[in-house]
Amino acid sequence: MSAPLAIGVDIGGTKVAGGVVDADGVVLQRARRVTPHRSTAPAVVEDTIVEVVEELTAAAGGHEAVCAVGIGAAGFVSADRATVVFAPHLSWRQEPLRQALQARVAHPIFVDNDANTAAWAEWRFGAGQGETHLMMVTLGTGIGGAILVDGHVQRGRFGIAGEFGHMQVVPGGHRCECGNRGCWEQYASGNALVREARSLATAQSPLATDLLARVGGRPADLTGPVITDAAREGDPTSRELLAEIGTWLGVGIANLAAAFDPGTFVIGGGVSAAGDLLLAPAREAFRRTLTGRGYRPEARIVAARLGNEAGLIGAADLARAEVEGLA
């Protein structure tokens with residue numbers, strides 16, 4: 001008899017993406033919705049999640065075919081995996097998400113941070129397979145992260161471990177949305193990449209000529225993908241900007257290695273699509289900054305393999321594992 005299917009739902013600031021996932025991490029069916037605006041009531045987002053789960057349940061062949069639903073949320077999730085303590089891009093504040101959804105969904109519900117679910121997917125099916133001590137760093141608008149040791153997600157005492165992006169790396173540096181200054185994500189994230197490119201473009205620097213031409217002379221239209229495409233096509237300024245982000249990435253990873261000593265860092269998120277344009281300078285900065293360099297083994301720094309679906313794959317697989325453990 002084949003292993004039961006599970007549904008994974010990845011909730012971000014712009015989209016709610018779901019999938020029916022088998023025991024090998026293969027996504028069999030997909031569903032997607034736009035995330036309701038952050039100013040709306042929590043119930044509106046929950047309505048969207050329920051719609052996605054119902055659509056996927058029907059696509060999977062009915063309730064009997066699905067054993068559990070996993071939710072990966074962009075925010076702080078409590079250690080009991082029931083409450084979203086804080087979600088910066090949604091209206092969830094101490095939101096009892098599991099309880100709210102369980103009243104409307106027939107399957108067991110499990111909630112987790114989206115970086116934890118992505119890391120689990122990469123460890124089970126992607127770039128981190130076989131690693132006993134894995135850390136994932138997700139580069140998007142900000143920086144998220146997760147820690148796995150011997151096949152267990154390390155969530156911390158209060159469930160909020162892995163918020164690497166808010167390590168302070170530059171005292172008195174750029175103001176962060178979290179309220180502090182000099183956070184790592186202000187120097188090594190998609191926001192940082194776009195901020196620096198727009199700054200050059202707004203100043204009408206000749207270095208930004210190619211980038212401005214790509215967006216019709218409108219600096220506000222510069223985005224991470226535009227900059228990455230320009231870098232791939234040889235624009236020296238875009239390559240320099242990505243290398244700067246990569247250098248800051250390597251410095252931060254060296255700090256994490258000093259604290260946790262993992263065997264592998266998996267780099268995911270949208271910015272990681274730049275590949276070695278980002279990772280080559282990150283590896284160089286890591287080797288240059290690593291404490292005890294030359295006298296200790298170095299962790300691998302590798303790109304994630306599962307792309308944007310890692311979060312929903314991991315959410316589904318973690319939910320399946322929980323159900324099997326309870327059984």
Side-chain angles (χ1 to χ4, degrees), residues 7-18 32-54 68-105 107-120 136-147 153-168 174-186 189-191 269-270 311-312 314-315 318-319 322:
I7 290 174
V9 183
D10 185 20
I11 306 162
T14 59
K15 57 89 174 75
V16 176
R32 188 182 179 96
R33 299 285 191 282
V34 174
T35 303
H37 192 269
R38 65 196 292 178
S39 65
T40 60
V44 180
V45 182
E46 288 150 18
D47 290 343
T48 304
I49 297 169
V50 172
E51 283 180 21
V52 167
V53 171
E54 289 176 345
V69 175
I71 307 291
F76 297 171
V77 178
S78 60
D80 63 1
R81 299 175 61 197
T83 301
V84 181
V85 177
F86 172 69
H89 302 295
L90 299 164
S91 56
W92 289 336
R93 307 290 184 269
Q94 298 294 338
E95 179 65 18
L97 183 61
R98 186 167 71 187
Q99 179 182 345
L101 294 175
Q102 198 65 81
R104 304 174 62 183
V105 174
H107 313 295
I109 299 282
F110 299 93
V111 182
D112 213 328
N113 170 266
D114 59 347
N116 287 343
T117 64
W120 179 267
M136 185 159 188
V137 178
T138 57
L139 304 178
T141 303
I143 296 178
I147 308 162
V153 178
Q154 305 298 303
R155 297 183 175 87
R157 173 62 179 85
F158 303 107
I160 308 174
E163 293 296 329
F164 307 143
H166 299 291
M167 301 185 301
Q168 188 182 69
H174 291 298
R175 177 75 72 180
C176 182
E177 287 184 10
C178 76
N180 292 331
R181 288 186 178 276
C183 291
W184 188 28
E185 69 176 40
Q186 291 302 310
S189 66
N191 267 1
L312 71 88
L318 275 167
E322 290 283 354

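Along the sequence shown, residues are numbered consecutively beginning with 1.
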When you look at CZ of Arg32, are more than 12 heavy atoms from neighbouring residues, nucleotides or ligands closer to it than 6.0 Å? no
For the residue pair Val9 and Leu312, what are the closest heavy atoms and their distance? N-CB, 4.4 Å
Heavy-atom neighbours of Glu51 CD exceed 12 at 6.0 Å: yes
Output yes when a side-chain donor or acceptor of Arg175 lies under 3.5 Å from a complementary backbone atom of Arg181, and no otherwise. no
As a test of understanding, state which of Val77, Asn113, Ile147, Asp112 forms a side-chain contact (heavy atoms from CB on, under 4.5 Å) with Arg155. Asp112
Spell out, as yes or no, whether a donor-acceptor pair under 3.5 Å connects the side chain of Gln102 to the backbone of Ile109. yes
If I take atom CG from residue Leu101 and atom CD from residue Glu95, how far apart are they, to the nearest 0.5 angstrom? 8.5 Å
Considering non-hydrogen atoms only, spot the tightest contact between Gly145 and Ala115 and give its length. O-CB, 3.3 Å
Is a salt bridge present between Glu46 and Arg104, judged by a nitrogen-to-oxygen distance below 4.0 Å? no
Could you pull out the closest heavy-atom pair between Gln154 and Ala161, with the gap in Å? O-CB, 3.6 Å
Rounded distance (nearest 0.5 Å) linking atom CG of Leu97 with atom CH2 of Trp92: 4.5 Å
Determine yes or no for a side-chain-to-main-chain donor-acceptor pair under 3.5 angstrom, with Arg93 supplying the side chain and Ala87 the backbone. yes
Side-chain (Thr117) to main-chain (Gly311) donor-acceptor, under 3.5 angstrom: yes
So, for Gly8 and Ala315, which heavy atoms are closest and what is the spacing to 0.1 Å? CA-CB, 4.2 Å
Nearest 0.5 Å, please: how far is CD in Gln186 from CD in Glu177? 7.5 Å
Could you grab the distance from atom CH2 of Trp184 to atom CE of Met167, nearest 0.5 Å is fine? 4.5 Å
If we only count heavy atoms from C-beta on, is the Ile143 to Val137 side-chain gap below 4.5 Å? yes
Heavy-atom closest pair (Cys183 atom, Gly165 atom, distance to 0.1 Å) is CB-O, 3.4 Å
Separation of Glu185 CD from His174 NE2 (nearest 0.5 Å): 12.5 Å
Please find the pair of heavy atoms, one from Ile71 and one from Val69, that lie closest to each other, and give the distance. CD1-CG1, 3.9 Å
Sidechain N-carboxylate O distance under 4.0 Å for Arg98, Asp80: no
Atom CD1 of Ile11 and atom CG of Asp114: how far apart are they, to the nearest 0.5 Å? 9.0 Å
Is the backbone N or O of Gln94 less than 3.5 Å from a side-chain atom of Thr83, with the two atoms forming a donor-acceptor pair by type? no
